[in-house]
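If you read the sequence from its start, that first residue is 1, and numbering goes on from there.
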Amino acid sequence: ADRELAENYEPLEILGIVKYLTSRSEPFEYLAREEVSESPSAERGKLLFETRGCLACHEHQDFPAAASDFGPDLSNVGDKFSSSAGARDGAAWLYSWIKQPTHYHARSKMPDLYLLPIEDEEGKTTDPAADITAYLLESSNDWQPPQQSVDKLRPDKDQLDDIVLGM
């Protein structure tokens, strides 16, 4: 009976937490992408991820020899930030975070890697932050949130009455 009661109230509690956090959230201004001649490349991003210091703190399934656990494992981060997972501005947020972590939070532990545009010997310019973003967005195992969990977050009147009345 206790488990059934908990399962009945859990969606309401989650919805309450989401509403509270949303009401306390501050707007975030995404950083503009650099003006460069080349489109973002996940292939360049993978190389940059390996060589610009990301592996000092993060793990990724593409680099099994690197074993750092200071930052989160980024192997499937694309699932979190993809538009199919419901992240409207996931790519813009991830780019801003990679480009300048202190823009999101002044006391971030993630260092600024000074990912300034790179010009090659042919005069083509690339944006390393955009390349790393492209690489991470491709890092996916195609996870999708279960549809039933989304549907459960729509409480009915009886559930609301029960929780308000303490039944």
D112 side chain vs P101 backbone, donor-acceptor pair below 3.5 Å =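 Side chain of D112 to backbone of P101, a donor-acceptor pair under 3.5 Å: no, none is there.
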query = Is a side-chain donor or acceptor of D120 paired with a backbone partner of G123 at a separation under 3.5 angstrom?
reply =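 Checking the backbone N and O of G123 against the side chain of D120, a donor-acceptor pair under 3.5 Å is found.
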Just to verify, what does [X] make a ring pair (Phe, Tyr, Trp, His ring centres under 6.0 Å) with, not counting sequence neighbours?
{"X": "Y104", "answer": "F28, W93, W97"}
{"X": "H58", "answer": "none"}
{"X": "Y95", "answer": "none"}

Strictly by salt bridge (Lys or Arg N to Asp or Glu O under 4.0 Å), give each pair with a member in [range] just once, sequence neighbours left out.
{"range": "residues 96-108", "answer": "E34-K99"}
{"range": "residues 13-28", "answer": "none"}
{"range": "residues 46-70", "answer": "none"}

Rounded to the nearest 0.5 Å, how far does [atom2] of [Y] lie from [atom1] of [X]?
{"X": "S108", "Y": "Q100", "atom1": "OG", "atom2": "CD", "value": "10.5 Å"}
{"X": "S25", "Y": "Y20", "atom1": "OG", "atom2": "OH", "value": "10.0 Å"}
{"X": "I132", "Y": "L94", "atom1": "CD1", "atom2": "CG", "value": "9.5 Å"}
{"X": "D127", "Y": "L115", "atom1": "CG", "atom2": "CG", "value": "8.0 Å"}

inquiry  = When you group the ILVMFWY residues by side-chain heavy-atom contacts below 4.5 Å and let the links chain together, are L31 and L48 in the same group?
reply    =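 L48 does not cluster with L31.
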ring-ring contact (aromatic ring centres under 6.0 Å, His included) contacts in which one or both residues fall within residues 119-141, not counting sequence neighbours =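 For residues 119-141, and leaving out neighbouring residues, the ring-ring contact (aromatic ring centres under 6.0 Å, His included) pairs sorted by first residue read F49-Y135, H60-Y135.
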inquiry  = Side chains of I98 and L136, heavy atoms from C-beta outward: is any pair under 4.5 Å?
reply    =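 SC-SC contact between I98 and L136 confirmed.
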Close side-chain approach of T125 and I118, heavy atoms under 4.5 Å =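 A side-chain contact is absent here, since even the closest heavy-atom pair is not under 4.5 Å.
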For [X], give me all partners under side-chain contact (heavy atoms from CB on, under 4.5 Å), at least two apart in sequence or on another chain.
{"X": "E38", "value": "R44, K124, T126"}
{"X": "S68", "value": "F70"}
{"X": "A56", "value": "none"}
{"X": "Q61", "value": "S75, N76"}

Minimum heavy-atom distance [X]-[Y], with the two atoms named:
{"X": "L137", "Y": "A91", "result": "CD1-CB, 3.6 Å"}
{"X": "A66", "Y": "L55", "result": "CB-CD2, 4.0 Å"}
{"X": "P117", "Y": "P128", "result": "CA-CD, 4.0 Å"}

ask   = Would R33 and T133 satisfy side chain to side chain contact (heavy atoms under 4.5 Å, CB included), going step by step from the backbone distance to the final call?
value = CA-CA 11 Å; R33 295 219 176 201; T133 300; 4.2 Å; yes
ask   = So which residues get pulled into V36's cluster when ILVMFWY side chains under 4.5 Å apart are joined, directly or through others?
value =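 Taking Ile, Leu, Val, Met, Phe, Trp and Tyr as members, V36 stands alone, with no cluster partners.
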